[in-house]
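Residues: numbered from 1 along the sequence shown. Heavy atoms only: backbone and side chains are in, while hydrogens, waters and symmetry mates are out.
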Amino acid sequence: MAGQSHQLAAILFADIVGYTAMMQENEELAVEKVNRFREVVELVAEELNGKIVQYYGDGSLLLFQSSTDAAEFAKLLQEDLYNEPQVPVRIGIHMGDVLVHAGNIFGDVVNIAARIQSLAPAGGVYISEVVYRNIANKKELESVFVKEEKLKNVKDPMRIYQLLTEGIPAQIHVPESPAIPPASSNANHIAVLPFANLSSDPQQDYFSDGLTEDIITQLSKIRAYKVISRTSVMQYKTSPNSVKEIGKELGVSLILEGSVQRHGEKVRITAQLINAITDEHIWADSYDRSLHDIFTIQREVALAIAAVLNTSLTKKETQELDYIPTADIQAYDLYMRGRLMLEKRSKADVLSAREYFQQAVGRDKGFAAAYAGLADSFLLSSFRGYEDPVQMLWQAKKHIDVAAGLDPYSGETQASLGYWYFQNFDWHAAEITYQRAIRLNANQTNVYLWLAILLQAKGDNEGALQVYDQGIEINPVWDFLLKNKVILMANMNNMEAAVALQEERISKVHEPEQKEKLYSELSKLHWSAGNQEAAIQAAEKANDKGLLQFYANGDISLMKQPLDIYYQGMEQRSEYISQLWMGLQYAHAGAREKAIDCFNNAVALKEAAISLLLIRDFEFLNIKYLNMALLTRKVKQLINF
């Protein structure tokens, strides 16, 4: 509806204590006090960006964008009015979502703030627990717990705090505040929802998405927290789900959300921390800065959350939060674009990401993270068979060495180095390096995937399962982890768990084409277990005519023909063709002879991803263990375990 909007705001009520009796005793003095009260309110409100919504007799109602501004206003107001001629004023502050309409404000927040104010003594400032948490890290805004109070028309009792001001003693002092948030098994689990792009240019989405990931990275540096990976939170970019629903789906008790508005070299960022269990706002703040202060803002957000959650930081964590990756904001801009493209994993996106990273290091030769991103573009292209692995691995190592020289303690660079070792068949070094990468940055989901694949290929299924679960804990909907865990469960002969997880993957997908693909995988999973009836039912749901024909009479022509056409086209265009990945596709289509021939060629060429042949794949049709025995023996001879 036009003319109205919802916003997060701090609501402040202030009124003069005993004004009615004052009017009866000395009307002229009462008017003087009201005038002095309003004069100071207007003066201080202007300094702290407070909006005076209305005056009502001896009181006023104000709106602030943050708890900090509201608390500073209250303290300044009371300390000024404490001087002669004194005006006995009581103040109440609460924060939450309000409806702004035709210059007025509505909502429970307004009512609660009014009721908190009515409890305060003359000269006192009472605040709700939400406000207390938001200002807990502000040394100049000291508060103490007063009591827990059942407010009229408010379901649950509220904890009331007093903001200390000059000349007004604390009513009751309790040294320790309650645990924040309520104790639970996932009390330290945080999800950072995609920051909304409020810029007029929709092309700035990459900037807001990149900011989201950077704040995730900053929070991940605080070891006390488990922070959900960006891949899992991006599904909520346009989701109508409530905070409580999202918290339950992701298994977190804390959610950080916000918005970013970029205009030229200026940026405005708002952020708010919400208790996903109670839907209560814990902390909020806004930042109007130069674009060059973006790293400072990210650091301040992480420190504010640590303060409000009573988290003590180690010296190392503080140093990591202080780290600035580049002084060139345009290089950082290019790096963010590249990182988001790389996440998509397709050949076109990987090549596009590489261009962005190259431009970033071209602007800043000391930008370690951009060199690591550039190395990853070569490593992904090598492993996925997009380009010649020999050239890709050489290029990757060159950039890894530069990144390591610039920042030897970078978790991202160590992850890239581990991936390089793995593709060069030095699994002993790869495993050690992956573990080091996780210790340096535990939020790198790709490292959990790479390490789990290594352990699985090595035959350590229990170890692989543990690593998959660790990765899924911080990235619960990343399909690469889930699919590979399905393969692992099938290879551990836990078919019931494998089928259940595959069905869970299907339930999370809404695009018809992707859902059909997952049903085809489910069909092959059932077929590998000898459950023919279930395999046929799943193939029917997938509308997979090729599979149904194979199940009926062993004919693979419908599955093989599209592959023949595709690879003939690549040959005509003189494009690089990975023998390993071509073999995998033919194996999934049941073309045994063609697949085995490709696999032998891949092993002879020492292609980077041939280690995948050590993991039994339930999607292989017509290929038995004996067909692969000689191949896997050759692969193992290349590996330093």
Any side-chain heavy atom of [X] within less than 4.5 Å of one from [Y]?
{"X": "K560", "Y": "D564", "answer": "yes"}
{"X": "E343", "Y": "E213", "answer": "yes"}
{"X": "Y323", "Y": "D407", "answer": "yes"}

Any chance the side chains of S381 and E387 put a donor and an acceptor closer than 3.5 Å?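 S381 vs E387: donor-acceptor pair found between side chains.
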Would you tell me whether S557 and Q549 have side-chain atoms, one donor and one acceptor, within less than 3.5 Å of each other? yes
Do NZ/NE/NH1/NH2 and the carboxylate oxygens of R339 and E412 come within less than 4.0 Å?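 No, R339 and E412 are not salt-bridged.
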Within this structure, what is the CG-CZ distance for the pair L334 and F357, rounded to the nearest 0.5 Å?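 Going from the CG atom of L334 to the CZ atom of F357 covers 10.0 Å.
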Would the W427 and Y421 ring centres measure less than 6.0 Å apart?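 Here the rings of Y421 and W427 have centres that are no less than 6.0 Å from each other.
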Quick one: are the ring centres of Y356 and Y335 less than 6.0 Å apart? no
Test of understanding: with ring pair (Phe, Tyr, Trp, His ring centres under 6.0 Å), list the residues that count as partners of Y519, not counting sequence neighbours. none
Out of the candidates R345, K485, R505, only one should pair with D479 under the salt bridge (charged side-chain N to carboxylate O under 4.0 Å, His left out) rule; please name it. R505
Does K541 have more than 12 heavy atoms from other residues, nucleotides or ligands lying within 6.0 Å of its NZ?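 12 or below, so no.
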